[in-house]
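Read through the structure below, which is laid out as C-alpha coordinates, and then see the notes.
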Amino acid sequence: MSLRARVAQRGMDPRTPSALETGRADLQAHRAAEAGAAGASGVAAGAVPAGGGLTGLRRAAAVAWKDLLLEWRRRETVAAMVFLACLTAVLLGFAFGGRGEVAPAVLWVALVLGAVLGVSRLTVAEAEQGTLEALLLYPGAREHLFWGKWAALTGLLTALAAVLLPLVAVLFGVAAGPRWPLLAGTVLLGIVGLAAVGTLFGALALHVRGRELLVPLLLLPLALPVLLAGIRLTEAILGTGRVGPWPAVLAVFDILFLLVAPILFELVVEEV
Amino acid sequence: MRLVGLAAVAALVAGLSLALWASPPDAFQGDYVRLMYVHVPSAWVAYLAVGTAAVASLLYLWRRRPAYDHVAQGAAELAVLFTGLALATGMIWGRPVWGVWWTWDARLVSTAILFLIYVGCLLVRGLAADRERGARLAAVVALVGALDVPIIHFSVLWFRTLHQTASITRREVSMAPAMLAALLVNLVAFALLFLYLVALRARLARLEAERAEAALEPLPR
(Lines give C-alpha, C1' and ligand atoms only; values in the text may rest on other atoms or scores of the structure.)
Protein backbone atom coordinates (compact mmCIF):
# COMPACT_ATOMS: atom_id res chain seq x y z
CA MET A 1 0.00 0.00 0.00
CA SER A 2 1.41 3.33 -0.92
CA LEU A 3 1.73 6.12 1.59
CA ARG A 4 -0.64 8.22 -0.41
CA ALA A 5 -3.27 5.49 -0.23
CA ARG A 6 -2.59 5.06 3.47
CA VAL A 7 -3.06 8.76 4.10
CA ALA A 8 -6.22 8.87 2.02
CA GLN A 9 -7.62 5.84 3.85
CA ARG A 10 -7.15 7.46 7.22
CA GLY A 11 -8.83 10.61 6.02
CA MET A 12 -5.86 12.73 6.92
CA ASP A 13 -5.31 16.04 5.28
CA PRO A 14 -2.64 15.16 2.75
CA ARG A 15 -1.25 18.68 2.93
CA THR A 16 -0.15 18.30 6.54
CA PRO A 17 1.77 15.07 6.69
CA SER A 18 4.14 14.52 9.54
CA ALA A 19 7.55 13.14 9.06
CA LEU A 20 6.74 10.88 11.97
CA GLU A 21 3.96 9.30 9.98
CA THR A 22 6.24 8.72 7.05
CA GLY A 23 8.97 7.40 9.27
CA ARG A 24 6.60 4.89 10.82
CA ALA A 25 5.39 3.86 7.43
CA ASP A 26 9.01 3.29 6.46
CA LEU A 27 9.65 1.19 9.52
CA GLN A 28 6.50 -0.87 9.13
CA ALA A 29 7.23 -1.49 5.52
CA HIS A 30 10.71 -2.52 6.38
CA ARG A 31 9.61 -4.85 9.15
CA ALA A 32 7.09 -6.44 6.84
CA ALA A 33 9.80 -6.98 4.29
CA GLU A 34 12.09 -8.44 6.91
CA ALA A 35 9.41 -10.86 8.08
CA GLY A 36 9.20 -12.21 4.60
CA ALA A 37 5.76 -10.80 3.94
CA ALA A 38 6.78 -10.05 0.42
CA GLY A 39 4.52 -7.78 -1.46
CA ALA A 40 2.41 -7.05 1.62
CA SER A 41 3.27 -3.40 1.61
CA GLY A 42 5.22 -0.96 -0.46
CA VAL A 43 8.58 0.17 0.74
CA ALA A 44 8.42 3.66 2.18
CA ALA A 45 6.19 5.79 0.07
CA GLY A 46 5.35 3.04 -2.36
CA ALA A 47 8.15 3.88 -4.71
CA VAL A 48 9.04 0.24 -5.17
CA PRO A 49 7.32 -2.95 -4.13
CA ALA A 50 9.03 -4.92 -1.39
CA GLY A 51 10.18 -8.29 -2.51
CA GLY A 52 12.57 -9.75 0.04
CA GLY A 53 15.64 -7.80 1.12
CA LEU A 54 16.16 -4.19 0.31
CA THR A 55 18.94 -3.33 -2.00
CA GLY A 56 20.96 -0.24 -1.24
CA LEU A 57 19.63 1.61 -4.22
CA ARG A 58 16.04 1.02 -3.21
CA ARG A 59 16.70 2.13 0.35
CA ALA A 60 18.28 5.33 -0.88
CA ALA A 61 15.42 5.86 -3.33
CA ALA A 62 12.89 5.34 -0.56
CA VAL A 63 14.53 7.94 1.67
CA ALA A 64 14.85 10.44 -1.17
CA TRP A 65 11.26 9.86 -2.26
CA LYS A 66 9.99 10.38 1.28
CA ASP A 67 11.91 13.64 1.67
CA LEU A 68 10.85 14.99 -1.69
CA LEU A 69 7.23 14.01 -1.06
CA LEU A 70 7.22 15.83 2.27
CA GLU A 71 8.82 18.83 0.67
CA TRP A 72 6.34 18.75 -2.20
CA ARG A 73 3.42 18.79 0.23
CA ARG A 74 4.69 21.74 2.23
CA ARG A 75 7.12 23.51 -0.06
CA GLU A 76 8.51 25.41 2.93
CA THR A 77 12.20 24.80 2.49
CA VAL A 78 12.26 25.27 -1.22
CA ALA A 79 10.21 28.47 -0.95
CA ALA A 80 12.61 29.93 1.61
CA MET A 81 15.63 28.91 -0.46
CA VAL A 82 14.22 30.40 -3.66
CA PHE A 83 13.21 33.59 -1.87
CA LEU A 84 16.63 34.12 -0.30
CA ALA A 85 18.44 33.35 -3.55
CA CYS A 86 16.25 35.71 -5.57
CA LEU A 87 16.62 38.40 -2.94
CA THR A 88 20.40 38.01 -3.06
CA ALA A 89 20.38 38.25 -6.85
CA VAL A 90 18.24 41.39 -6.79
CA LEU A 91 20.27 43.06 -4.04
CA LEU A 92 23.63 42.25 -5.61
CA GLY A 93 22.33 43.27 -9.02
CA PHE A 94 21.16 46.58 -7.69
CA ALA A 95 24.39 47.14 -5.77
CA PHE A 96 26.55 46.39 -8.81
CA GLY A 97 24.33 48.28 -11.21
CA GLY A 98 23.03 45.27 -13.14
CA ARG A 99 25.98 44.99 -15.50
CA GLY A 100 26.00 41.80 -17.53
CA GLU A 101 29.53 40.83 -16.57
CA VAL A 102 28.66 40.36 -12.89
CA ALA A 103 25.80 38.00 -13.73
CA PRO A 104 27.84 34.77 -13.28
CA ALA A 105 29.14 35.85 -9.88
CA VAL A 106 25.67 36.92 -8.75
CA LEU A 107 24.18 33.64 -9.95
CA TRP A 108 26.61 31.49 -8.01
CA VAL A 109 26.67 33.55 -4.85
CA ALA A 110 22.86 33.51 -4.79
CA LEU A 111 22.81 29.77 -5.46
CA VAL A 112 25.27 28.95 -2.68
CA LEU A 113 23.56 31.24 -0.17
CA GLY A 114 20.17 29.76 -1.03
CA ALA A 115 21.62 26.27 -0.71
CA VAL A 116 22.93 26.98 2.79
CA LEU A 117 19.37 27.58 3.92
CA GLY A 118 18.14 24.22 2.67
CA VAL A 119 21.13 22.05 3.52
CA SER A 120 20.39 21.43 7.16
CA ARG A 121 16.62 21.31 6.79
CA LEU A 122 16.41 17.72 5.58
CA THR A 123 18.20 16.25 8.58
CA VAL A 124 17.14 18.74 11.22
CA ALA A 125 13.48 18.18 10.35
CA GLU A 126 13.98 14.48 11.06
CA ALA A 127 15.38 15.26 14.50
CA GLU A 128 12.68 17.82 15.31
CA GLN A 129 9.92 15.37 14.53
CA GLY A 130 11.63 12.50 16.28
CA THR A 131 11.90 10.32 13.20
CA LEU A 132 15.66 10.12 13.04
CA GLU A 133 15.74 7.15 15.40
CA ALA A 134 13.33 5.29 13.15
CA LEU A 135 15.54 5.94 10.15
CA LEU A 136 18.63 4.85 12.02
CA LEU A 137 16.94 1.69 13.28
CA TYR A 138 17.20 0.16 9.85
CA PRO A 139 19.72 -2.64 9.90
CA GLY A 140 22.68 -2.41 7.58
CA ALA A 141 24.91 0.39 6.42
CA ARG A 142 23.88 4.00 6.82
CA GLU A 143 25.53 4.83 3.53
CA HIS A 144 22.17 4.45 1.81
CA LEU A 145 20.68 7.01 4.14
CA PHE A 146 23.37 9.40 2.94
CA TRP A 147 22.60 8.72 -0.69
CA GLY A 148 18.89 9.19 -0.11
CA LYS A 149 19.40 12.51 1.66
CA TRP A 150 21.91 13.52 -0.98
CA ALA A 151 19.49 12.78 -3.81
CA ALA A 152 16.73 14.72 -2.06
CA LEU A 153 19.02 17.70 -1.50
CA THR A 154 20.18 17.57 -5.11
CA GLY A 155 16.52 17.66 -6.13
CA LEU A 156 15.85 20.70 -3.94
CA LEU A 157 18.87 22.56 -5.25
CA THR A 158 17.94 21.71 -8.84
CA ALA A 159 14.53 23.25 -8.22
CA LEU A 160 16.25 26.32 -6.80
CA ALA A 161 18.52 26.61 -9.83
CA ALA A 162 15.58 26.18 -12.18
CA VAL A 163 14.01 29.34 -10.76
CA LEU A 164 17.23 31.27 -10.26
CA LEU A 165 18.75 30.80 -13.73
CA PRO A 166 15.92 32.46 -15.70
CA LEU A 167 15.66 35.22 -13.09
CA VAL A 168 19.36 36.11 -13.36
CA ALA A 169 19.17 35.91 -17.15
CA VAL A 170 16.27 38.38 -17.15
CA LEU A 171 17.66 40.72 -14.50
CA PHE A 172 21.07 41.05 -16.09
CA GLY A 173 20.06 40.74 -19.71
CA VAL A 174 22.35 37.82 -20.46
CA ALA A 175 21.49 34.69 -22.39
CA ALA A 176 23.30 31.40 -22.81
CA GLY A 177 21.50 30.90 -26.12
CA PRO A 178 22.13 27.54 -27.74
CA ARG A 179 24.73 26.78 -25.06
CA TRP A 180 22.15 26.42 -22.30
CA PRO A 181 22.69 22.65 -21.89
CA LEU A 182 26.31 23.43 -21.01
CA LEU A 183 25.18 25.94 -18.42
CA ALA A 184 22.68 23.48 -16.99
CA GLY A 185 25.40 20.83 -16.83
CA THR A 186 27.76 23.20 -15.03
CA VAL A 187 25.11 24.14 -12.49
CA LEU A 188 24.26 20.47 -11.98
CA LEU A 189 27.92 19.57 -11.41
CA GLY A 190 28.16 22.31 -8.83
CA ILE A 191 24.95 21.18 -7.15
CA VAL A 192 26.09 17.57 -6.93
CA GLY A 193 29.21 18.54 -4.99
CA LEU A 194 27.41 21.08 -2.83
CA ALA A 195 24.80 18.49 -1.93
CA ALA A 196 27.47 15.97 -0.93
CA VAL A 197 29.20 18.37 1.48
CA GLY A 198 25.83 19.78 2.53
CA THR A 199 24.38 16.40 3.46
CA LEU A 200 27.42 15.67 5.61
CA PHE A 201 27.26 19.00 7.42
CA GLY A 202 23.49 18.84 7.72
CA ALA A 203 23.90 15.60 9.66
CA LEU A 204 26.74 17.11 11.66
CA ALA A 205 24.53 20.05 12.62
CA LEU A 206 22.15 17.66 14.38
CA HIS A 207 24.52 17.05 17.22
CA VAL A 208 25.60 20.57 18.08
CA ARG A 209 23.80 23.32 19.93
CA GLY A 210 22.31 25.92 17.68
CA ARG A 211 22.04 23.39 14.84
CA GLU A 212 21.42 25.41 11.70
CA LEU A 213 23.56 28.32 12.87
CA LEU A 214 26.74 26.37 12.34
CA VAL A 215 26.03 25.12 8.82
CA PRO A 216 26.86 28.34 6.93
CA LEU A 217 30.09 28.74 8.87
CA LEU A 218 31.25 25.26 7.91
CA LEU A 219 29.81 25.04 4.42
CA LEU A 220 30.67 28.42 2.89
CA PRO A 221 34.48 28.24 3.21
CA LEU A 222 34.53 24.64 2.01
CA ALA A 223 32.25 25.40 -0.93
CA LEU A 224 34.57 28.09 -2.25
CA PRO A 225 36.02 25.95 -5.08
CA VAL A 226 32.49 25.25 -6.38
CA LEU A 227 31.70 28.95 -6.28
CA LEU A 228 34.86 30.00 -8.11
CA ALA A 229 34.74 27.22 -10.70
CA GLY A 230 31.05 27.87 -11.31
CA ILE A 231 31.62 31.58 -11.86
CA ARG A 232 34.47 31.09 -14.32
CA LEU A 233 32.68 28.34 -16.27
CA THR A 234 29.52 30.43 -16.51
CA GLU A 235 31.61 33.33 -17.80
CA ALA A 236 33.15 31.02 -20.37
CA ILE A 237 29.72 29.83 -21.49
CA LEU A 238 28.50 33.41 -21.78
CA GLY A 239 31.56 34.17 -23.88
CA THR A 240 33.44 36.50 -21.55
CA GLY A 241 36.05 34.13 -20.19
CA ARG A 242 38.12 31.05 -20.81
CA VAL A 243 37.26 27.51 -19.74
CA GLY A 244 40.71 26.84 -18.31
CA PRO A 245 41.07 24.08 -15.70
CA TRP A 246 37.65 24.73 -14.15
CA PRO A 247 35.79 21.60 -15.30
CA ALA A 248 38.57 19.62 -13.65
CA VAL A 249 38.25 21.62 -10.42
CA LEU A 250 34.53 20.93 -10.26
CA ALA A 251 35.01 17.27 -11.13
CA VAL A 252 37.74 16.76 -8.54
CA PHE A 253 35.63 18.46 -5.86
CA ASP A 254 32.60 16.34 -6.75
CA ILE A 255 34.47 13.05 -6.91
CA LEU A 256 36.42 13.70 -3.71
CA PHE A 257 33.37 14.56 -1.64
CA LEU A 258 31.11 11.94 -3.20
CA LEU A 259 33.72 9.41 -2.09
CA VAL A 260 34.53 10.83 1.33
CA ALA A 261 31.22 12.26 2.53
CA PRO A 262 29.29 8.92 2.72
CA ILE A 263 32.04 7.38 4.85
CA LEU A 264 32.20 10.35 7.20
CA PHE A 265 28.40 10.55 7.27
CA GLU A 266 28.24 7.14 8.91
CA LEU A 267 30.66 8.32 11.59
CA VAL A 268 28.62 11.48 12.14
CA VAL A 269 25.20 9.89 12.56
CA GLU A 270 26.21 6.88 14.62
CA GLU A 271 24.65 6.45 18.10
CA VAL A 272 22.17 9.28 18.19
CA MET B 1 58.77 17.00 26.83
CA ARG B 2 60.47 19.55 29.04
CA LEU B 3 63.57 19.10 26.89
CA VAL B 4 61.57 20.04 23.81
CA GLY B 5 60.32 23.12 25.65
CA LEU B 6 63.81 24.17 26.65
CA ALA B 7 65.09 23.55 23.14
CA ALA B 8 62.23 25.66 21.76
CA VAL B 9 63.07 28.52 24.09
CA ALA B 10 66.76 28.33 23.23
CA ALA B 11 66.03 28.21 19.51
CA LEU B 12 63.60 31.12 19.77
CA VAL B 13 66.17 33.24 21.60
CA ALA B 14 68.80 32.34 19.01
CA GLY B 15 66.36 33.00 16.16
CA LEU B 16 65.29 36.34 17.61
CA SER B 17 68.84 37.55 18.11
CA LEU B 18 69.81 36.41 14.62
CA ALA B 19 66.73 38.10 13.18
CA LEU B 20 67.16 41.37 15.02
CA TRP B 21 70.91 41.84 15.05
CA ALA B 22 72.90 39.32 13.07
CA SER B 23 71.00 39.47 9.79
CA PRO B 24 71.45 42.49 7.53
CA PRO B 25 68.58 44.83 6.59
CA ASP B 26 67.17 44.24 3.12
CA ALA B 27 68.40 46.41 0.26
CA PHE B 28 64.85 47.38 -0.74
CA GLN B 29 62.77 46.80 2.34
CA GLY B 30 65.19 47.87 5.03
CA ASP B 31 64.32 46.64 8.48
CA TYR B 32 60.84 45.58 7.43
CA VAL B 33 62.33 42.38 6.10
CA ARG B 34 62.84 41.25 9.69
CA LEU B 35 59.11 40.53 9.84
CA MET B 36 59.82 37.65 7.49
CA TYR B 37 61.49 35.76 10.35
CA VAL B 38 58.15 35.64 12.16
CA HIS B 39 55.79 35.57 9.21
CA VAL B 40 57.24 32.74 7.15
CA PRO B 41 57.75 30.33 10.09
CA SER B 42 54.18 31.07 11.29
CA ALA B 43 52.77 30.19 7.90
CA TRP B 44 54.84 26.99 7.65
CA VAL B 45 53.94 25.89 11.14
CA ALA B 46 50.28 26.64 10.38
CA TYR B 47 50.44 24.11 7.54
CA LEU B 48 52.26 21.69 9.83
CA ALA B 49 49.47 22.11 12.38
CA VAL B 50 46.77 21.52 9.77
CA GLY B 51 48.56 18.39 8.60
CA THR B 52 48.97 17.13 12.16
CA ALA B 53 45.31 17.80 12.94
CA ALA B 54 44.20 15.94 9.82
CA VAL B 55 46.40 12.90 10.47
CA ALA B 56 45.47 12.76 14.16
CA SER B 57 41.77 13.11 13.27
CA LEU B 58 42.01 10.30 10.75
CA LEU B 59 43.72 8.08 13.31
CA TYR B 60 41.10 8.98 15.91
CA LEU B 61 38.19 8.16 13.59
CA TRP B 62 39.86 4.89 12.71
CA ARG B 63 41.16 3.68 16.08
CA ARG B 64 39.04 5.73 18.50
CA ARG B 65 41.87 6.14 20.96
CA PRO B 66 41.37 9.35 22.98
CA ALA B 67 45.10 10.15 22.75
CA TYR B 68 44.74 10.86 19.01
CA ASP B 69 41.84 13.17 19.72
CA HIS B 70 43.85 15.15 22.25
CA VAL B 71 46.59 15.68 19.69
CA ALA B 72 44.01 16.64 17.06
CA GLN B 73 42.44 19.15 19.41
CA GLY B 74 45.78 20.76 20.22
CA ALA B 75 46.83 20.85 16.58
CA ALA B 76 43.51 22.36 15.45
CA GLU B 77 43.78 25.12 18.03
CA LEU B 78 47.36 25.80 17.02
CA ALA B 79 46.31 25.81 13.36
CA VAL B 80 43.94 28.66 14.15
CA LEU B 81 46.61 30.43 16.19
CA PHE B 82 49.36 30.19 13.58
CA THR B 83 47.17 30.94 10.53
CA GLY B 84 45.92 33.97 12.46
CA LEU B 85 49.49 34.94 13.30
CA ALA B 86 50.60 34.48 9.69
CA LEU B 87 47.71 36.63 8.46
CA ALA B 88 48.34 39.35 11.03
CA THR B 89 52.09 39.56 10.46
CA GLY B 90 51.49 39.37 6.71
CA MET B 91 49.20 42.38 6.90
CA ILE B 92 51.65 44.31 9.07
CA TRP B 93 54.40 43.45 6.60
CA GLY B 94 52.28 44.19 3.56
CA ARG B 95 51.26 47.69 4.63
CA PRO B 96 54.73 49.31 4.45
CA VAL B 97 56.13 47.09 1.67
CA TRP B 98 53.20 46.72 -0.73
CA GLY B 99 51.30 49.78 0.44
CA VAL B 100 48.14 47.83 1.26
CA TRP B 101 46.98 45.85 4.28
CA TRP B 102 45.36 43.22 2.17
CA THR B 103 45.57 42.02 -1.39
CA TRP B 104 43.52 39.32 -3.06
CA ASP B 105 46.57 37.19 -3.57
CA ALA B 106 46.00 33.44 -3.75
CA ARG B 107 48.12 32.60 -0.74
CA LEU B 108 46.44 35.22 1.42
CA VAL B 109 42.94 34.12 0.50
CA SER B 110 43.59 30.42 0.94
CA THR B 111 45.24 31.04 4.32
CA ALA B 112 42.23 33.11 5.40
CA ILE B 113 39.86 30.34 4.29
CA LEU B 114 41.96 27.79 6.16
CA PHE B 115 41.69 29.98 9.26
CA LEU B 116 37.88 30.06 8.90
CA ILE B 117 37.61 26.30 8.42
CA TYR B 118 39.58 25.55 11.55
CA VAL B 119 37.64 28.14 13.55
CA GLY B 120 34.58 26.14 12.45
CA CYS B 121 36.30 22.97 13.66
CA LEU B 122 36.84 24.47 17.11
CA LEU B 123 33.25 25.74 17.17
CA VAL B 124 31.91 22.27 16.42
CA ARG B 125 33.87 20.80 19.28
CA GLY B 126 32.75 23.53 21.65
CA LEU B 127 29.09 23.31 20.71
CA ALA B 128 28.76 19.53 20.68
CA ALA B 129 26.52 17.85 23.22
CA ASP B 130 29.22 15.77 24.88
CA ARG B 131 32.97 15.26 24.80
CA GLU B 132 33.10 12.08 22.73
CA ARG B 133 30.71 13.41 20.11
CA GLY B 134 32.58 16.72 19.99
CA ALA B 135 35.79 14.81 19.33
CA ARG B 136 34.19 12.80 16.53
CA LEU B 137 32.54 15.76 14.81
CA ALA B 138 35.61 17.99 15.11
CA ALA B 139 37.70 15.19 13.60
CA VAL B 140 35.31 15.01 10.63
CA VAL B 141 35.54 18.76 10.06
CA ALA B 142 39.33 18.80 10.42
CA LEU B 143 39.64 15.97 7.92
CA VAL B 144 37.23 17.47 5.38
CA GLY B 145 38.94 20.84 5.76
CA ALA B 146 42.39 19.40 5.15
CA LEU B 147 41.14 17.46 2.10
CA ASP B 148 39.63 20.61 0.69
CA VAL B 149 42.75 22.73 1.16
CA PRO B 150 44.50 21.75 -2.10
CA ILE B 151 41.34 22.32 -4.15
CA ILE B 152 40.75 25.68 -2.49
CA HIS B 153 44.35 26.68 -2.99
CA PHE B 154 44.43 25.89 -6.69
CA SER B 155 40.99 27.31 -7.40
CA VAL B 156 41.89 30.57 -5.66
CA LEU B 157 45.22 30.65 -7.49
CA TRP B 158 43.70 30.06 -10.92
CA PHE B 159 40.76 32.36 -10.24
CA ARG B 160 43.12 35.31 -10.13
CA THR B 161 45.96 34.39 -12.39
CA LEU B 162 44.05 33.06 -15.37
CA HIS B 163 41.75 36.02 -15.50
CA GLN B 164 43.96 39.01 -15.00
CA THR B 165 47.64 39.25 -14.50
CA ALA B 166 48.45 39.20 -10.83
CA SER B 167 49.03 42.76 -9.79
CA ILE B 168 51.54 41.86 -7.12
CA THR B 169 54.00 39.06 -7.48
CA ARG B 170 56.41 38.40 -4.72
CA ARG B 171 59.88 39.66 -5.36
CA GLU B 172 62.25 36.88 -6.20
CA VAL B 173 64.18 36.45 -3.03
CA SER B 174 67.65 35.14 -3.39
CA MET B 175 68.70 35.57 0.15
CA ALA B 176 71.97 36.51 1.70
CA PRO B 177 73.43 33.62 3.70
CA ALA B 178 72.99 35.49 6.99
CA MET B 179 69.30 36.04 6.26
CA LEU B 180 68.80 32.45 5.20
CA ALA B 181 70.45 31.23 8.39
CA ALA B 182 68.23 33.44 10.51
CA LEU B 183 65.14 32.21 8.67
CA LEU B 184 66.12 28.55 9.05
CA VAL B 185 66.87 28.93 12.77
CA ASN B 186 63.49 30.60 13.25
CA LEU B 187 61.78 27.82 11.29
CA VAL B 188 63.31 25.21 13.56
CA ALA B 189 62.40 27.30 16.62
CA PHE B 190 58.77 27.62 15.57
CA ALA B 191 58.55 23.91 14.76
CA LEU B 192 59.93 23.06 18.20
CA LEU B 193 57.52 25.52 19.78
CA PHE B 194 54.67 23.86 17.92
CA LEU B 195 55.74 20.41 19.10
CA TYR B 196 55.96 21.61 22.67
CA LEU B 197 52.59 23.37 22.58
CA VAL B 198 50.86 20.36 20.99
CA ALA B 199 52.30 18.08 23.65
CA LEU B 200 51.23 20.46 26.41
CA ARG B 201 47.75 20.89 24.98
CA ALA B 202 47.31 17.14 24.50
CA ARG B 203 48.35 16.55 28.10
CA LEU B 204 45.93 19.19 29.30
CA ALA B 205 43.11 17.64 27.25
CA ARG B 206 43.90 14.23 28.71
CA LEU B 207 43.85 15.58 32.26
CA GLU B 208 40.56 17.36 31.57
CA ALA B 209 39.04 14.14 30.25
CA GLU B 210 40.29 12.18 33.27
CA ARG B 211 38.90 14.78 35.62
CA ALA B 212 35.54 14.76 33.86
CA GLU B 213 35.42 10.98 34.23
CA ALA B 214 36.49 11.11 37.87
CA ALA B 215 33.75 13.60 38.57
CA LEU B 216 31.21 11.15 37.20
CA GLU B 217 32.43 8.15 39.16
CA PRO B 218 30.91 8.58 42.67
CA LEU B 219 27.41 8.88 41.24
CA PRO B 220 26.33 5.25 40.58
CA ARG B 221 26.96 4.17 44.19
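- In this structure, CZ on A:F257 lies 5.5 Å from CD1 on B:I151, to the nearest 0.5 angstrom.
- Within the 4.5 angstrom heavy-atom criterion, no atom of A:L220 approaches chain B.
- To the nearest 0.5 Å, the span separating CG on A:L222 from CG on B:D148 amounts to 4.5 Å.
- Between atom CG of residue A:L224 and atom CZ of residue B:F159 there is a gap of 8.5 Å, rounded to the nearest 0.5 Å.
- Considering B:V141, B:L61, B:L147 as possible partners of A:L264, the one that fulfils the side chain to side chain contact (heavy atoms under 4.5 Å, CB included) test is B:L61.
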**OP:** For side-chain contact (heavy atoms from CB on, under 4.5 Å), just list the numbers for A:V249 and B:W158, CA-CA rounded to whole Å, side-chain angles, deciding distance to a tenth of an Å, and then say yes or no.
**Re:** CA-CA 10 Å; A:V249 171; B:W158 291 329; 3.6 Å; yes

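- Only the side chain of A:L214 comes within less than 4.5 Å of a heavy atom in chain B; its backbone stays farther off.
- For a residue to count as touching a neighbouring chain, one of its non-hydrogen atoms must lie under 4.5 Å from one of that chain's; by this rule A:I231 touches chain B with the side chain only.
- Both the backbone and the side chain of A:L228 come within contact range of chain B, each with at least one heavy atom under 4.5 Å from a heavy atom of that chain.
- Note on A:L218, A:V197, A:L217: by heavy-atom pairs under 4.5 Å with chain B, the leading option is A:L218.
- Of the listed residues (B:G120, B:A129, B:A128), the greatest number of heavy-atom pairs within a distance under 4.5 Å of chain A belongs to B:A128.
- Heavy atoms only, all atoms of each residue included: A:P221 and B:I117 are closest at CB-CG1, 3.7 Å.
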Original post:
Can B:S155 and A:F253 be said to form a side-chain contact (heavy atoms from CB on, under 4.5 Å), step by step?
Top reply: CA-CA 10 Å; B:S155 60; A:F253 186 92; over 6 Å; no

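- Only the side chain of B:L143 has a heavy atom closer than 4.5 Å to any heavy atom of chain A.
- B:Y47 OH: more than 12 foreign heavy atoms inside a 6.0 Å radius.
- Atom-to-atom distance recorded for A:H207:NE2 and B:D130:CG is 10.0 Å, nearest 0.5 angstrom.
- More than 12 heavy atoms of other residues, nucleotides or ligands lie within 6.0 Å of CH2 in B:W102, so this atom counts as buried by the packing criterion.
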**OP:** Begin from the C-alpha positions of B:R136 and A:V268 and carry the test side-chain contact (heavy atoms from CB on, under 4.5 Å) through to its verdict.
**Re:** CA-CA 7 Å; B:R136 191 147 39 82; A:V268 165; 5.6 Å; no

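- Contact of B:V144 with chain A is made through backbone and side chain together, with heavy-atom distances under 4.5 Å.
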